[in-house]
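Notes to accompany the following structure.
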Amino acid sequence: MVKLRIDFEFPSRGWWESGGQELWEGIAESADASSVIVDENLAESWIAEARRLPGWDDGHEYAPHPVRVTALEEEDEL
């Protein structure tokens, strides 16, 4: 299990406006969720789809993509 998390330091809205918003809402538990815990295989396939949308690589070096994969932390509930 891993966490997909919106990177709020990502500066561009292009990815979100090019289908990213719908893609995110399709996996998130609610429309305003900023992270979601998923199986690693699902995360990999979701990220592969997300990369196909324009704007995925429009961020800065410290925030290159609109969504990132992170390891679970102790306080994360499964």
Side-chain angles (χ1 to χ4, degrees):
M1 302 297 279
V2 295
K3 184 185 284 189
L4 293 174
R5 178 179 295 198
I6 293 174
D7 192 336
F8 290 103
E9 293 184 353
F10 183 78
S12 175
R13 289 289 309 156
W15 182 83
W16 295 98
E17 294 168 357
S18 296
Q21 186 72 41
E22 292 82 11
L23 188 63
W24 178 254
E25 289 175 1
I27 198 168
E29 295 174 6
S30 68
D32 61 344
S34 62
S35 66
V36 62
I37 297 171
V38 295
D39 177 84
E40 287 182 47
N41 291 332
L42 179 57
E44 288 175 17
S45 65
W46 190 90
I47 291 291
E49 186 67 25
R51 285 183 175 141
R52 292 186 183 117
L53 296 175
W56 176 257
D57 293 316
D58 289 352
H60 301 293
E61 185 176 318
Y62 60 88
H65 312 295
V67 176
R68 59 188 166 117
V69 180
T70 61
L72 294 183
E73 300 169 2
E74 283 187 32
E75 64 271 3
D76 289 328
E77 294 183 29
L78 297 179

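The chain is numbered in sequence order, starting from 1. Keep in mind that the numbers below use all heavy atoms, side chains included, and drop hydrogens, waters and symmetry copies. Remember, predicted model here, so these are calculated numbers, not experimental data.
- Scanning all heavy atoms of the two residues, the minimum distance from P11 to A63 falls at CD-O, 4.4 Å.
- Hydrophobic clustering, with ILVMFWY side chains joined whenever heavy atoms are under 4.5 angstrom apart, keeps V67 apart from Y62.
- Across every non-hydrogen atom of V2 and A43, the tightest pair is CG2-CB, 3.6 Å.
- Sparse packing is recorded around CD of E29, with 12 or fewer heavy atoms of other residues, nucleotides or ligands lying under 6.0 Å away.
- For R68, the salt bridge (charged side-chain N to carboxylate O under 4.0 Å, His left out) partners at least two apart in sequence or on another chain are D7.
- Closest approach of F10 and D58 over heavy atoms only: CE1-C, 3.9 Å.
- Taking 4.5 Å as the limit, some side-chain heavy atom of W46 sits within range of a side-chain heavy atom of L23.
- Here the CD atom belonging to E17 is positioned 10.5 Å from the CD atom belonging to E22, to the nearest 0.5 angstrom.
- A distance-only check finds a donor-acceptor pair linking the side chain of W15 to the backbone of A50 [under 3.5 Å].
- A 4.5 Å side-chain heavy-atom check between I27 and L42 finds at least one atom pair inside the cut-off.
- The line from CD of E40 to OG of S45 is 12.0 Å long, rounded to the nearest 0.5 Å.
- Here the shortest heavy-atom pairing between P66 and W16 reads CB-NE1, 3.7 Å.
- Checking Q21 against E25 by side-chain atom types alone, a donor-acceptor pair falls below 3.5 Å.
- Atom CG of L4 sits about 10.0 Å away from atom CD1 of I37, to the nearest 0.5 Å.
- Minimum interatomic distance between W56 and R51 (heavy atoms only, all atoms of both residues): NE1-CG, 3.4 Å.
- The two residues G14 and S12 make their nearest non-hydrogen contact at N-OG, 3.0 Å.
- For the pair V36 and K3, the minimum side-chain heavy-atom distance is 4.5 Å or more.
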